[in-house]
Amino acid sequence: MTYVIGKPCVDVMDRACVEECPVDCIYEGARALYIHPDECVDCGACEPVCPVEAIYYEDDLPDEFEAYKDDNDAFFSETLPGRDEPLGSPGGAAKLGPVAADAPLVASLPPQQP
Ligand code: SF4
Ligand code: SF4
């Protein structure tokens, strides 16, 4: 099980959640952040600090954000534009740094209004 970042993060990305994560498993893409489904330890520390309520436990995802579970996973399991291979399990977002690409669903969205 894992926590998932949904649509409200897109084009917001204030990174408040990153500061809370004890295992550094929240990774930065170009337009959104993504939780690594295997590295997340389900502590829940990130969820209440998100100012736009983008973070949900996967079983609690509203229907409208259900597709973001697979999209968070795809950020790591699929080869993103401009990269040669999937990110896989980097073992820490800080050492990887921001990734200049997004998972397919996030990348397909028009610019989100604040
Ligand atoms: S639930 Fe905990 S481990 Fe998982 S992303 Fe949030 S802060 Fe990190
Ligand atoms: S706190 Fe919420 S809006 Fe901010 S980066 Fe994390 S998921 Fe995105």
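Ligands are counted one by one from 1 in listed order, and the atoms in each one are counted from 1 as well.
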Which ligand 1 atoms, with their elements, are less than 4.0 angstrom from a heavy-atom of Gly44? 1 (S), 2 (Fe)

I'd like to check which ligand 1 atoms, numbered from 1 as shown, lie under 4.0 Å from a non-hydrogen atom of Pro22. 7 (S)

Side-chain donor/acceptor of Lys95 to backbone N/O of Pro90, under 3.5 Å: yes

Part of Asp14 with heavy atoms under 4.0 Å of ligand 2, whether side chain, backbone, both or neither: both

Parallel, tilted or perpendicular: which fits the ring planes of Phe76 and Tyr34, with parallel below 30° and perpendicular above 60°? perpendicular

Kindly confirm whether atom 6 (Fe) of ligand 2 is within less than 2.8 Å of some N/O/S atom in Cys46? no

Which heavy atom of the protein is the closest neighbour of atom 8 (Fe) of ligand 2, given with residue, atom name and distance? Cys9 SG, 2.3 Å

Ligand-side contact atoms (ligand 1) for residue partner Ile26, heavy atom cut-off under 4.0 Å: 5 (S)

For atom 5 (S) of ligand 2, what's the nearest protein heavy atom and its distance? Arg15 N, 3.2 Å

Could you confirm whether Cys40 has any N/O/S atom lying under 2.8 Å from atom 8 (Fe) of ligand 1? no

Element-labelled atoms of ligand 1 that are located less than 4.0 Å from some non-hydrogen atom of Tyr3: 1 (S)

Near Val23, which atoms of ligand 1 are under 4.0 Å from a heavy atom of that residue? 3 (S)

